[in-house]
Amino acid sequence: MLNIVLFGPPEAGKGTQATKLLEKYQLIHLSTGDILRAELTAKTPLGLEAKGFMDKGELVSDSVVIGMIENKIDANAGAKGFIFDGFPRTNTQAQALDSMLRKKGTPINLMLSLEVDDEELIKRLLLRGKDSGRADDQNQSIIENRIKVYNKDTAPVIDFYEDQHKYRSINGIGSIDEIFDRLCKAIDSVK
Ligand code: ADP
């Protein structure tokens with residue numbers, strides 16, 4: 001098993017890199033943002049509850065996203081491993097993920113953190129807003145709130161994995177292939 005947390009602020013490039021990584025390493029991609037958006041499109045009660053938080057750039061409650069991830073892990077019992085994208089986003093989520101995986105005897109191998117500065121992020125997010133159609137990408141104050149929430153609630157998750165010697169900082173500026181190479185080197189060094 002190879003379990004990877006792909007970490008970094010909104011629009012650091014996690015989704016793009018996750019797609020390339022799961023092909024190369026044959027992993028299952030679990031993106032809490034994608035799962036929440038699917039719930040929203042299907043207008044499930046969970047999706048409708050999450051919408052209010054997502055539209056403001058706030059985090060959805062820990063218990064909701066932890067439950068979602070647990071279901072997906074259970075539904076993919078035969079997987080070679082997982083790429084967690086957009087999760088864990090708080091220390092509570094990181095602890096919950098650890099205990100879920102510990103029970104299965106397949107811990108996180110690495111936490112790869114894509115580093116991109118705030119100015120570049122806002123530029124990328126506003127650009128994406130023009131064609132992604134996502135409500136939370138359209139408005140500068142919502143985008144700034146997502147970055148604020150990231151710095152306050154999510155960035156501390158780095159310490160959680162650093163304490164376990166699993167954290168690797170990856171330069172998130174460069175071409176898609178350059179960044180992909182950096183990620184693969186880090187993964188291959190622990191495989
Ligand atoms: P981005 O990385 O661009 O911020 P995501 O697709 O990962 O986008 O997430 C979009 C929104 O979904 C977040 O702003 C948040 O409201 C919600 N969300 C996604 N993952 C989580 C999570 N692990 N915990 C809480 N809320 C989440």
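Atoms within each ligand, like the ligands themselves, are counted from 1 in listed order.
The shortest contact between atom 22 (C) of ligand 1 and any protein heavy atom is with Arg89 CD, 3.4 Å. Nearest non-hydrogen protein atom to atom 12 (O) of ligand 1 is Met54 CE, 3.5 Å. Annotation: atom 10 (C) of ligand 1 to nearest protein heavy atom, Arg134 NH2, 3.6 Å. The shortest contact between atom 26 (N) of ligand 1 and any protein heavy atom is with Val60 N, 3.0 Å. In this structure, atom 20 (N) of ligand 1 lies nearest to the protein heavy atom Thr32 OG1, 2.7 Å.
Only side-chain heavy atoms of Val65 come within less than 4.0 Å of ligand 1; its backbone N, CA, C and O stay farther off.
For the 3.5 Å distance criterion, the side chains of Ser175 and Asp177 fail to qualify, holding no donor opposite an acceptor.
The pair Glu120-Arg124 counts as a salt bridge, with a side-chain nitrogen and a carboxylate oxygen less than 4.0 angstrom apart. Salt bridge absent: Lys185 and Asp188 never bring a charged side-chain N and a carboxylate O closer than 4.0 Å. Salt-bridge formation is detected for the pair Lys104/Asp74: a Lys NZ or Arg NE/NH1/NH2 atom is positioned less than 4.0 Å from an Asp or Glu carboxylate oxygen.
Here's the thing with Leu36: none of its N/O atoms is less than 3.5 angstrom from an N/O atom of ligand 1. In terms of N/O distances under 3.5 Å, ligand 1 is not approached by Pro9. The shortest N/O to N/O separation between Arg37 and ligand 1 falls below 3.5 Å.
Environment of NZ in Lys51: sparse, with no more than 12 heavy atoms of neighbouring residues, nucleotides or ligands closer than 6.0 Å.
Contact atoms of ligand 1 toward Gln93: 22 (C), 23 (N), 24 (N), 25 (C) (distance under 4.0 Å to a heavy atom of the residue). Annotation for ligand 1: atoms under 4.0 Å from non-hydrogen atoms of Phe87 are 23 (N). Interface atoms of ligand 1 facing Lys14, defined by a heavy-atom separation under 4.0 Å, are 2 (O). Of all the atoms in ligand 1, the ones that sit under 4.0 Å from a non-hydrogen atom of Glu58 are 15 (C), 16 (O).
A side chain to side chain contact (heavy atoms under 4.5 Å, CB included) with Ile28 is found for exactly one of Asn76, Ile73, Asn3, namely Asn76. With Ser141 as the fixed residue, the side chain to side chain contact (heavy atoms under 4.5 Å, CB included) test singles out one of Asn139, Asn145, Ile143: Asn139.
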Open item on the list: Under the criterion side-chain contact (heavy atoms from CB on, under 4.5 Å), I'd like the reasoning laid out for Leu112 against Tyr167: C-alpha separation, chi angles, the key distance, then a yes or no.
Closed with: CA-CA 6 Å; Leu112 301 169; Tyr167 162 72; over 6 Å; no
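Side-chain contact between Asn171 and Glu115: absent, with no pair of heavy atoms (C-beta onward) separated by less than 4.5 Å.
Looking at Glu11, Arg146, Met68, Lys56 and measuring to atom 14 (O) of ligand 1, the nearest heavy atom belongs to Arg146.
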